[in-house]
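All of these numbers come straight from a predicted model, not from anything done at the bench. Below, all heavy atoms of this structure are taken into account, side chains as well, without hydrogens, waters or symmetry copies.
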Amino acid sequence: LLASDITKCHFGDSPCIIDSINDVIRRYPKGIPEIGLPPLDETALQDVSILDSPQRGPVWLTFHMRDNVNKGFNNATITHVEGFNRDPTKQRIVIKARIPRLVHEATYNMQGQWLLLKANTTGKLQSDFQNIHFTLIIKIIMEYRNNKRYLKIYELVPLVTLDRWIIWLNDLYKENSDLTIAINRAFNKNWVEFWNGVEPGLLKAFALAFTGVLNEVLENVAYDDMFLPDQSSTEKIQ
């Protein structure tokens with residue numbers, strides 16, 4: 001069940017749902033373990049591959065990330081929702097949100113070749129996504145357990161725009177710190193082109209992150225328990 005101080009809404013009441021989700025985000029930055037909501041201020045995520053090019057030819061690159069942590073989900077503001085109707089399978093769910101700053105920290109493994117320049121390195125990275133806007137387009141399936149309806153995400157498509165991306169990869173070339181600095185500066189000077197090149201992999205990472213966070217809650221809280229059982233009023237759970 002939801003915590004007693006979380007506002008319940010009617011099915012499909014988007015303004016109420018927006019207010020309730022934003023209230024939870026603000027008041028529970030450390031998450032709610034009882035319902036599977038992880039910490040939002042520092043969220044651990046699963047490993048992900050951003051690039052996985054075939055290792056042949058003069059130019060190729062593989063880039064994998066582990067020990068992933070996102071910092072900043074607790075500063076998200078939900079701006080729009082669709083769906084969450086009495087029968088949630090009849091319409092896709094859409095959630096739009098803005099985060100002023102999302103910081104991603106990870107350990108990266110990179111192998112690659114750019115003509116005569118080769119790379120085979122592991123190090124720490126930090127990505128700083130500034131004024132980032134998400135649209136999550138979600139399709140769900142229904143499961144029944146103990147005579148209750150539970151939802152599970154089977155497809156989540158993220159659309160992302162942002163004002164600025166700053167990334168720093170430590171130890172790109174351990175034997176040449178000047179080259180490491182120069183390449184990082186080049187990345188950040190040309191971040192739009194760099195973003196366009198790795199966007200599919202980054203969107204995959206965002207999809208995994210949001211699917212993991214949302215499915216944990218959906219696994220623990222029955223869909224009907226999230227909403228008011230009638231159409232009389234919006235109220236707090238007593």
Side-chain angles (χ1 to χ4, degrees), residues 40-77 79 95-137 156-213:
L40 300 176
D41 58 349
E42 193 166 325
T43 311
L45 307 170
Q46 66 188 79
D47 299 352
V48 65
S49 295
I50 301 299
L51 292 168
D52 202 1
S53 303
Q55 298 185 17
R56 60 177 182 269
V59 178
W60 58 268
L61 182 67
T62 65
F63 195 93
H64 308 283
M65 297 189 301
R66 54 187 170 85
D67 307 323
N68 294 284
V69 175
N70 275 353
K71 299 178 179 180
F73 284 141
N74 57 305
N75 295 318
T77 299
T79 58
I95 301 173
K96 295 184 180 182
R98 173 186 173 269
I99 304 176
R101 184 182 184 219
L102 183 67
V103 174
H104 173 229
E105 297 175 351
T107 300
Y108 72 89
N109 298 94
M110 184 178 74
Q111 294 178 303
Q113 179 169 315
W114 299 270
L115 303 178
L116 299 178
L117 192 63
K118 294 185 178 182
N120 185 355
T121 188
T122 296
K124 299 293 184 180
L125 71 80
Q126 183 181 81
S127 278
D128 187 342
F129 304 98
Q130 298 181 356
N131 195 26
I132 186 167
H133 292 256
F134 292 99
T135 298
L136 308 180
I137 302 170
L156 185 150
V157 177
L159 306 175
V160 177
T161 62
L162 70 165
D163 286 354
R164 183 77 169 92
W165 180 32
I166 300 169
I167 184 169
W168 195 267
L169 300 134
N170 289 334
D171 298 326
L172 267 176
Y173 293 92
K174 293 181 173 64
E175 72 284 358
N176 191 333
S177 59
D178 288 341
L179 183 58
T180 293
I181 292 170
I183 291 177
N184 275 288
R185 286 177 174 169
F187 282 160
N188 288 299
K189 181 179 180 181
N190 303 285
W191 74 270
V192 174
E193 291 82 359
F194 187 37
W195 169 271
N196 290 336
V198 299
E199 185 177 17
L202 288 174
L203 291 182
K204 175 184 174 183
F206 284 127
L208 289 171
F210 284 112
T211 300
V213 169

Inset, instruction - Work out which heavy atom in Pro158 is nearest to a heavy atom in Leu136; give both atom names and the distance. - result: CB-CD2, 4.0 Å
Legend entry - Distance in Å, Thr122 OG1 paired with Asn170 CG, rounded so as to fall on 0.5 Å steps: 12.5 Å
Legend entry - Side-chain heavy-atom pair Thr161, Ile132 within 4.5 angstrom cut-off: no
Legend entry - Side-chain heavy atoms of Trp165 within contact of Ser127, under 4.5 Å: yes
Inset, instruction - Considering non-hydrogen atoms only, spot the tightest contact between Asp41 and Asn74 and give its length. - result: CA-OD1, 3.1 Å
Legend entry - Gln130 and its side chain to side chain contact (heavy atoms under 4.5 Å, CB included) partner, picked from Val103, Leu102, Ile166: Ile166
Inset, instruction - Locate the shortest heavy-atom distance separating Thr180 from Leu169; write the atom from each residue and the value. - result: CG2-O, 3.7 Å
Legend entry - Pairwise side-chain contact, His64 with Asp47, heavy-atom cut-off 4.5 Å (strictly under): no
Legend entry - Side-chain donor-acceptor pair present, Thr107, Lys124, cut-off under 3.5 Å: yes
Legend entry - Heavy-atom closest pair, residues Phe129 and His104: CE1-CB, 4.1 Å
Inset, instruction - Please indicate whether Arg98 has more than 12 foreign heavy atoms, meaning atoms of other residues, nucleotides or ligands, lying under 6.0 Å from its CZ. - result: yes
Side-chain donor/acceptor pairs under 3.5 Å, residues 186-210, sequence neighbours excluded:
| residue | atom | partner | partner atom | Å |
| --- | --- | --- | --- | --- |
| Asn188 | OD1 | Ile167 | N | 2.8 |
| Asn188 | ND2 | Ile167 | O | 2.7 |
| Asn188 | ND2 | Asn184 | O | 2.9 |
| Asn190 | ND2 | Ala186 | O | 3.0 |
| Asn196 | ND2 | Val192 | O | 3.3 |

Inset, instruction - Without swapping roles, check the side chain of Tyr173 against the backbone of Thr121 for a donor-acceptor pair under 3.5 Å. - result: no
Inset, instruction - Might you point out which heavy atoms bring Phe73 and Ile99 nearest each other, and give the distance in Å? - result: CD2-CD1, 3.7 Å
Inset, instruction - Please list, chain by chain and in numerical order, all residues satisfying side chain to side chain contact (heavy atoms under 4.5 Å, CB included) with Thr211, sequence neighbours excluded. - result: Ile153, Leu156, Asn215
Legend entry - Validation row: Leu172, Met110 side chains within 4.5 angstrom (heavy atoms): yes
Inset, instruction - Decide whether Asn131 and Asp163 meet the rule of one side-chain donor and one side-chain acceptor closer than 3.5 Å. - result: yes
Legend entry - Exam field: side chain Asn68 to backbone Gln46, donor-acceptor pair closer than 3.5 Å: yes
Legend entry - Of all pairs that satisfy salt bridge (charged side-chain N to carboxylate O under 4.0 Å, His left out), the ones with a partner from residues 99-113, not counting sequence neighbours: Lys71-Glu105, Arg101-Asp128
Legend entry - Atom pair CD (Gln111) and OG1 (Thr62), whose distance is rounded to the nearest 0.5 Å: 4.5 Å
Legend entry - Side chain Asn176, main chain Leu179, donor-acceptor under 3.5 Å: yes
